[in-house]
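Scroll down for the structure; my scribbles are underneath it.
Naming: A, B, ... by sequence-line order, numbering from 1 per chain. What you see is a predicted model, and the numbers here were worked out from it, not measured in a lab.
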There are 2 protein chains.
Amino acid sequence: MEKITFENIYQTLKKRILAGKYSIKMRLPIEDDLIKEFGSSRYAVRKAIEKLAAEGLVYSVKGRGVVLLEHSPQTQQFNLDLGDVTGVQGLNSGRALDYETDVVAFKQVMVDQALSEKTAFEVGIPVYAIQRVRLINGTRAVIDINYFNAQLTPGITPAIAKRSIYHYLQKKLKLKIAVVKRMLRVDSAAELDQTQLDLGQNNCVGNMISISFNDEGRQFEYTESHFIPNEFNFNQLIRN
Amino acid sequence: MEKITFENIYQTLKKRILAGKYSIKMRLPIEDDLIKEFGSSRYAVRKAIEKLAAEGLVYSVKGRGVVLLEHSPQTQQFNLDLGDVTGVQGLNSGRALDYETDVVAFKQVMVDQALSEKTAFEVGIPVYAIQRVRLINGTRAVIDINYFNAQLTPGITPAIAKRSIYHYLQKKLKLKIAVVKRMLRVDSAAELDQTQLDLGQNNCVGNMISISFNDEGRQFEYTESHFIPNEFNFNQLIRN
DNA sequence: GAGTGGTCTAGACCACGGT
DNA sequence: CCGTGGTCTAGACCACTCC
């Protein structure tokens, strides 16, 4: 039951844009008109427009107005969802798929120098080291290589790893996932990838490296998700 | 000579954060204290904090305060630059490298049905279809496959393509690049990739598909940048 | 010069976190 | 309960675009 004004304005404008109501002149109404229409302040209107801009629907030009970005059925797939992305779900952008998880390794280890340099965890702290293969429609499509800080995320078990670690962290531990920083790469397939993934003829993998932070600013996770080619898309928006 | 208050506050806070001045308690001072310190309004302070948050340096928690995200030398490479990314420069995140451009194809064609479905350009409009290989330190590392809407970006020549199309568009045509939407994929190498790129043993490429919009909201470009494995990183930030 | 978005101020109330 | 960030209002001036 959110009664936030800017959110209502944002939702209304978004619906109209997607329905093509403003496309005649490729412009949004000027701020003053939106203020009058919604009976709200300039702050609320501008915040709604900023949210539309963050999503890649509009672009504001000082002195001119708020421009609509061209969109077509083909370019819809470039649009950002702004949905929160937890774990491997982020890989299947909006696709509903059957998937199964195969826990191929589960250990609790102390961080040594080498692991510290990779994960940025402090030397000596205990971490869960987990490897899980994700089968999507029967295909071994992704291997997640997780390291969780055991002090910040205690009590993870193989059974939890098979279901959903993120569900456990959020619902049971009440851990808030504040920020995830990601790096995307393409790597030559290592032995682990070749033995665990259905690569077919391909000898490379995509590699999504994620480090995740809780709402106290502490990094609780380092994860590499290696995935097979030709199946996964990642969207990005750059605004000037 | 920008005299924008929030920008000054942002710069000052960023310097302090990176210098570790606030790391003792993992918190930024509360808004009221920053307002007093900078002698500015709450608006300016909050806008500065929002910019820090967009960069992945801090995270605001209602009722608690503004938390600093842990950062270490290893995780610095995950930080967002917020620099504008034009063309292939975006691939080499912050690396200074010698590179050379080899124009392997340059045509002006009309968009047919197949090309329209790929690029989202309207059937029948003229486009420049350009293929360029980027040699980085002598390695054929990237092939850019560009389609530019010739009505929006007239006058591109092979000579311009060899130097920098973006430089020409921005400086000569005064075209403003407002927004770039990207999709990142990993693809099996096609014949073009195998013949033009130094793939070595690898038989896959990274594929960065970009569609770019000018400040009137019109899509002027569709580009696929195919790049060799193991060399390029792409950063992303997800905020909840 | 008129119109428009960008920045800024001062002030208010609300919602959430922790004590 | 108090302290904090989130939302909102009303009003002002500036910088840019376009005629």
Side-chain angles (χ1 to χ4, degrees), chain A residues 1-13 22 25-54 57-69 173-176 178-179 214-218 239-240, chain B residues 1-13 22 25-54 57-69 173-176 178-179 214-218 239-240:
Chain A
M1 297 300 98
E2 310 268 334
K3 296 269 288 182
I4 306 172
T5 303
F6 87 80
E7 186 70 23
N8 295 338
I9 299 174
Y10 158 75
Q11 294 290 352
T12 303
L13 293 179
Y22 292 131
K25 38 178 188 144
M26 295 272 292
R27 291 279 172 86
L28 228 54
I30 65 168
E31 292 180 350
D32 272 344
D33 288 350
L34 293 173
I35 290 166
K36 281 170 201 146
E37 179 188 347
F38 291 101
S40 68
S41 68
R42 202 179 165 202
Y43 168 90
V45 166
R46 282 178 60 75
K47 192 153 182 187
I49 291 172
E50 166 55 29
K51 193 165 177 181
L52 294 169
L57 293 173
V58 303
Y59 181 76
S60 296
V61 186
K62 191 198 298 199
R64 180 124 48 99
V66 178
V67 171
L68 301 179
L69 297 189
L173 294 189
K174 304 295 181 200
L175 179 141
K176 299 279 192 307
V179 169
N214 67 15
D215 68 353
E216 288 184 322
R218 306 271 277 120
R239 296 196 281 159
N240 287 333
Chain B
M1 293 300 95
E2 310 269 334
K3 296 269 288 182
I4 307 172
T5 304
F6 87 79
E7 186 70 24
N8 295 337
I9 299 174
Y10 158 76
Q11 294 289 352
T12 304
L13 293 179
Y22 292 131
K25 41 180 186 142
M26 295 273 291
R27 291 279 172 83
L28 228 54
I30 65 167
E31 291 180 350
D32 273 345
D33 288 350
L34 292 173
I35 291 167
K36 281 171 202 147
E37 178 187 346
F38 291 101
S40 68
S41 69
R42 203 178 163 203
Y43 169 90
V45 166
R46 284 178 59 76
K47 192 152 183 190
I49 292 171
E50 167 55 28
K51 193 164 177 182
L52 294 169
L57 293 173
V58 303
Y59 181 75
S60 296
V61 187
K62 190 198 298 198
R64 183 128 49 99
V66 179
V67 170
L68 301 179
L69 297 188
L173 294 189
K174 304 293 181 202
L175 179 141
K176 299 279 191 307
V179 170
N214 68 14
D215 68 353
E216 287 182 324
R218 305 272 276 120
R239 296 196 282 160
N240 287 333

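Within the 4.5 Å cutoff, side-chain heavy atoms of B:V67 are placed close to those of B:R27. For the pair B:L68 and B:L57, the minimum side-chain heavy-atom distance is 4.5 Å or more. Using a 4.5 Å heavy-atom cutoff, the side chains of A:R42 and A:V45 are not in contact.
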Polar atom pairs (N or O), protein with nucleotides 9-12 of chain C, under 3.5 Å:
residue: C:dT9; atom: OP2; partner: B:S41; partner atom: N; Å: 2.7
residue: C:dT9; atom: OP2; partner: B:S41; partner atom: OG; Å: 2.5
residue: C:dA12; atom: N6; partner: B:R42; partner atom: NH1; Å: 3.0

I'd like a table of atom pairs between the protein and nucleotides 17-19 of chain C - only N or O on both sides, under 3.5 Å - with the distance next to each one.
residue: C:dG17; atom: O3'; partner: B:R64; partner atom: NE; Å: 3.4
residue: C:dG18; atom: OP1; partner: B:R64; partner atom: NE; Å: 3.3

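Here the closest heavy-atom approach between residue B:R64 and residue A:D215 is recorded as NH2-OD2, 2.9 Å. A:E216 and B:M26 make their closest contact through O-CE, 3.6 Å (heavy atoms, listed as atom of the first residue, atom of the second, distance). The minimum heavy-atom distance between A:F6 and A:A48, with the atom names listed, is O-CB, 3.5 Å. When all heavy atoms are compared, the tightest approach of B:I9 to B:S40 is CD1-OG, 3.5 Å. Closest approach of A:L13 and A:L52 over heavy atoms only: CB-CD1, 3.8 Å. Taking both residues in full, the closest heavy atoms of A:Y59 and A:L69 are given as CB-CD2, 4.1 Å, listed atom of the first, atom of the second, then distance.
In this structure, B:I4 atom CD1 and D:dA15 atom P are separated by 10 Å, rounded to whole Å. Here the C1' atom of nucleotide D:dG6 and the NZ atom of A:K51 are 13 Å apart, to the nearest Å. One interatomic measurement links the two molecules: CD1 of A:I35 to C1' of C:dG5, which rounds to 11 Å at whole-angstrom precision. Put simply, NZ on B:K36 is 9 Å from P on D:dT4, counting in whole angstrom units. Note: CD1 (A:I49) to P (C:dT7) measures 14 Å, nearest angstrom. Distance A:L34 CG to C:dG5 C1': 12 Å, rounded to the nearest Å. Between the CD atom of B:E50 and the C1' atom of D:dG5 there is a distance of 13 Å, rounded to whole Å. The distance from atom CG of B:N8 to atom P of C:dT7 is 13 Å, rounded to the nearest whole Å.
Each of C:dT7, C:dG6, D:dG6 was ranked by its minimum atom distance to the side chain of A:S60; first place goes to C:dG6.
For the pair B:E31 and A:R27, nearest-nucleotide mapping onto DNA chain D gives the more 5' position to B:E31.
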